[in-house]
2 protein chains.
Amino acid sequence: MSLPSLRLTASLAALGAATAVLSAPATSARADEGMWTFDNFPIATVNEKYGTNIDQAWLDRVRNAAVRLQGCSASLVSNEGLVLTNHHCVVSCVQDLSTAQNDYVKNGWMPATREEEKKCPGQTAEILTDIVDVTDRVTGAGAGLEGAAFVQARAAEIDKIQKETCGDDQKLTCQVISFYRGGQYKLYKFRKYDDVRLVFAPEFQAAFFGGDPDNFNFPRYALDAGFLRIYEDGKPVATPNHLTWNANAPKEGDVTFVAGNPGSTQRLLTVAQLETLRDQQLPISLIQTSELRGRLLEYSTTGDEAKRVSVDPIFGLENGFKVNYGQQGALTDPAFMATKRREEQELRQRVAADPALAQRIGDPWADLERASSAQRDLYLPYRQLESAAGQRSSLYSYAKAIVRASKERAKPVAERRAGYSDADIASLGRRLATETPISNDLEKIYLDFWLSKTREYLTVDNANVKALLGKESPEQIAERLVDGTRLADPAFRAKALAMTPEQLAASGDPLIQFVLANDDAAQAVRTQWESAVSGPTSRAGEKIAQARFAVYGTNLYPDATFSLRLSYGQVKGWTYRGVTVEPFTQIGGLYERNTGAEPFNAAEDWLAAEGKVNKSTVYDFVSTNDIIGGNSGSPVINAKGEVIGAAFDGNIHSLGGSFGYDPELNRTVTVSTAAITEALRNVYNQPRLLRELGVRR
Amino acid sequence: MSLPSLRLTASLAALGAATAVLSAPATSARADEGMWTFDNFPIATVNEKYGTNIDQAWLDRVRNAAVRLQGCSASLVSNEGLVLTNHHCVVSCVQDLSTAQNDYVKNGWMPATREEEKKCPGQTAEILTDIVDVTDRVTGAGAGLEGAAFVQARAAEIDKIQKETCGDDQKLTCQVISFYRGGQYKLYKFRKYDDVRLVFAPEFQAAFFGGDPDNFNFPRYALDAGFLRIYEDGKPVATPNHLTWNANAPKEGDVTFVAGNPGSTQRLLTVAQLETLRDQQLPISLIQTSELRGRLLEYSTTGDEAKRVSVDPIFGLENGFKVNYGQQGALTDPAFMATKRREEQELRQRVAADPALAQRIGDPWADLERASSAQRDLYLPYRQLESAAGQRSSLYSYAKAIVRASKERAKPVAERRAGYSDADIASLGRRLATETPISNDLEKIYLDFWLSKTREYLTVDNANVKALLGKESPEQIAERLVDGTRLADPAFRAKALAMTPEQLAASGDPLIQFVLANDDAAQAVRTQWESAVSGPTSRAGEKIAQARFAVYGTNLYPDATFSLRLSYGQVKGWTYRGVTVEPFTQIGGLYERNTGAEPFNAAEDWLAAEGKVNKSTVYDFVSTNDIIGGNSGSPVINAKGEVIGAAFDGNIHSLGGSFGYDPELNRTVTVSTAAITEALRNVYNQPRLLRELGVRR
């Protein structure tokens, strides 16, 4: 079992909308809105609003202490490479280090000495060191070119810029990132560490107390914190630029900054696009996720092994469900949509008032309405036959990757689909070689579910459905393919990846043959989708982005791109439907909420410590910071630049942050350094860590 | 196991909207829209459009042959009381007559002689004989009164009218029905028969071939037909006024009439109300139904008994899901909503142009927007704590009914909530006395599901959720209540129904105590809902109905009320998203569609008959008739008044018919008399029935 990266990890690219330029019109500039880049932070606005003294040196200090992990965010908190992040960002490492005898997920990972800190497989830590504007080079490279030549010239220039700066140095990452949908290109240069070790993780039940019912809600009573340490050459890295640990909780109204890597937002979507999401993609996703959730929940009750293998997928499903549910909540909120309409109206009027701009932009809104109309027709076949085909089945995903790679490899490099360069295929080979546990029961549930939903949504009379099912039922096909395939074996996967399509067809592997037989149809649906929906949508989106850029300039923040951002805000509760939610919880609340029954059973160490622990210590708190998935583990920082917590969640309204920031409702949820300190002191007895954090015992 | 009445049976009252006046503006009068009463059928319009010669005598003949069953529709088709309806309207009777040795659901019910026809428990047949306008009496009774006195005076007058005409005669039903939301009251007088016997039912797999995937779709290959016979004094009733059986299928474009009892439509809902349904009620319903569907589907795979007990609930869930899905499809269709907006705009303009009317009506649209806003806040608690509390759990419904009856009985009659008169409580006693099989597994799934969703949607911190759950988990509560309650025993239910609230509290029955402990809170939520949502909605709806009545007169049809209606249309396919669906299927298609795997396994008798049966016979067909749930079993009639089929389904678009008729897409699905005849002749060898139907062998 590998436990999932839940909540605010970067996994929101799900809805297929391209990462977009993002910016808010000036009218909402007073709200604590924005995931600002470090080279365009609204220093004056913040200092004026919050009476702070932010300056470039402050920003540089924070930037130097901010760490990007795989899918998460983090920060340096000691001189010796100690990194604070969320428990849910390290739990898969905890799982990897566990054995049948020692279940560190359940019991926590708390080595007594530094020598016992163990490496987290696959984890990396990247610290942003430089930002260089390369807009002219990138845009210049494509000048005068069209179509594929244009795309290739730009890609080549980006590749060249990255190689020029970082070469093959494994200690560096160079990444050219597009902001404002191509309005700007910046080279982000990182110092990279790939020896990242696990220092401390509390018990799962302390970190994720409240489980799904409390996920994306508040009040919370979760110690969703963990510590890593970055090593180089077998030794902890010296990190003098770390954040100072402040074990005092903030007060209501205190200013808070969050430095981290929000994964993806789509705040530029037009009203027509948001309505299509609301009416079509999100409902289908919510409905299908719900049915599969029901199937897995019921399956998990059939035995211990069933429960064990389904814990992780169920968490993933429930987290994904809630993300979509929260997004839908925003899109069905009349006030939220009214704001969107007003903003769109304002931009369109500003464009119309500038003839040169109007001429350059055309009418992308009309283009998007046309694309939305095509999308209504094509979405279900595209989803069921291509984008979500075999969804969640590992075996199916292997087969599909192998079939596609085999077909693309047969083509000249220049004619291949994106993602199938020789390097891409080599990288795929490495992924396929990884040993991953497979549950045949779950694989059958996934395939049966996918096929039966495909039949349900496209109907039996659809030619592609007929081809998929033939004379078999979904259950029969799932059974036959899973029982018959050899794709659970990494050695066979490696062998298959080297085969030609003809060899695959003759391989005798029923799952490969099944995917191969339906692949032309699936690719045809993809091509149709790209030409009628995603292509036009992307082109129109670029034009709207250019319009916003022209109208509002860079006094705006770009959409999230899993690159380092800083948001500002304050500690503040909220009121919704007549219910006011206070901004803080205290440790004592954990004991009141404890029922002894999952997921409201307090962890054993906490129960044992009830007499010792200071119950009035602030546990978790909420603030108005604008964050999104990918921000998990981000340091929450006070005006002095000290770390006062680790952001680990948002409230349910924060999920609307995919499309827009609502200052009344959108809240970040943070586990306080006060609570972490109290836990290290009186629950887990970790003097070694307290000393390193500079905390008096 | 009692199999469900699926598809077009009357079960659409689900969404809680009151049965409403219904009418379409004159602009859409050319479409085949309308569920017309027999005393206001647009004879001239139809004769003009279709070249028919409908007259009052034609209408009377059809009315005299139309039969209302429990939740379904039907027609007389022989001199000797033979009744044609759907298989799915008789399947619960087939189930009741089955034994462990003889599974007539699986094998069909085909007695060789009339003497072997068996009574269907609980089934009744009602034939409408008179319609009398009693509007003046009903409205006059309430004149000058207000509030409860007004309601009571009208109810008393209605009761008096019914008793005056039918007395206590068990052979008559008298029902005063409100049309156009109180614009008209009519006394419907029926001849009633309560000895209804099962004559013929095909195998389940012939009737419901294609199962859920084909439900509400077309092409269909389903023999969803069955025959009953009405008896009196132990003998078949002479029924000279029957419809003539025409075994020839219609042709494309032929006019078709459907006479039956559409259950409920809400075509008067305003755009704001439709948006609230689209954004709130339908999504929650779809999501929750999907998760429960997943749980039941997975549960059903755990063993034979699990499969047996869950077949019926799964069919019910899947049918309900698809109804809601189809409704949502209409509400998210831009063209459908544009029509709704246009119609609303037109009515509002006509009202505004008539100062006296505007003065009388006020601004009910603004009232409804206010009610919609309150509804957004109150819907989830109202749903989870009251309207859907314990949903689908029989035991919970017993406990709730007993607790409420006990509390209401303690009040003076005049102060009781609606539905708790002494007669109502006596009727409840009869229902509670009925022996019904209970699956403890399913009961636990239902209660666990309800409680866990209540926690999820209202959050753990909601005071009512805290009171419901205490320190237990949903699973623990479900287990404790189901294992501990005695409510599965009808004798205990009878005893409990006689108890005072104090006695119930002391009864020691954990489920009764659980419901009792939370009942005040649930009733408080109901009261809040009624005063802020359903009350104002109903009052505003009446005003809009009055406006429509004033503007368009009675040249309109009222909303469906499970009373006899006639719709007209023609045999016609449709085109959606580029796919054209032909109006007919032929019997041969069944064999092509047969896969041998459920639910696409053709019934054994059909497989055996493949060499004999005429494959070119029309099996099922679609027409533009405007029908809805409750119309199941309705005779489909040609211009000459002959029966040519039994309506049994609609296409997915017909489900939008709850809110409006879309002439492009809304279709009725009918099993042809041609197919029934062919089946009786060459599949089931039923010369006795063929003779009675007047068909040459």
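Every chain is numbered from 1 and lettered A, B, ... according to where its sequence line falls, protein lines coming before strand lines.
- Both the backbone and the side chain of B:Ser473 come within contact range of chain A, with heavy atoms under 4.5 Å apart.
- For B:Phe600, the part lying under 4.5 angstrom from a heavy atom of chain A is the side chain only.
- Residue B:Leu331 does not touch chain A at all, counting heavy-atom pairs closer than 4.5 Å.
- In this structure, chain A has a heavy atom under 4.5 Å from the side chain of B:Ile284, while its backbone stays farther away.
- Using a 4.5 Å cut-off on side-chain heavy atoms (C-beta onward), B:Phe216 and B:Tyr325 make no contact.
- Heavy atoms only, all atoms of each residue included: A:Tyr382 and A:Val525 are closest at CA-CG1, 3.4 Å.
- B:Leu317 does not touch chain A: none of its heavy atoms, backbone or side chain, sits under 4.5 Å away.
- Only the backbone of B:Asn594 comes within contact range of chain A, with at least one heavy atom under 4.5 Å from a heavy atom of that chain.
- Side-chain N or O atoms of B:Asn462 include one that pairs as donor or acceptor with a backbone N or O of B:Val465 at under 3.5 Å.
- Using a 4.5 Å heavy-atom threshold, the side chains of A:Thr301 and A:Lys307 count as separate.
- Of the possible donor and acceptor atoms, one in the side chain of B:Gln328 sits under 3.5 Å from a partner among the backbone N and O of B:Arg278.
- Of the listed residues B:Val579, B:Leu378, B:Asn217, B:Asp461, the one with more heavy-atom pairs under 4.5 angstrom with chain A than any other is B:Asp461.
- Under 4.0 Å is where a charged nitrogen must lie from a carboxylate oxygen, and between B:Glu291 and B:Lys453 at least one such pair does.
- If you measure heavy-atom distances from B:Phe321 to chain A, the contacts under 4.5 Å come from the side chain alone.
- With a 4.5 Å cut-off on non-hydrogen atoms, B:Asp377 touches chain A through its backbone and its side chain both.
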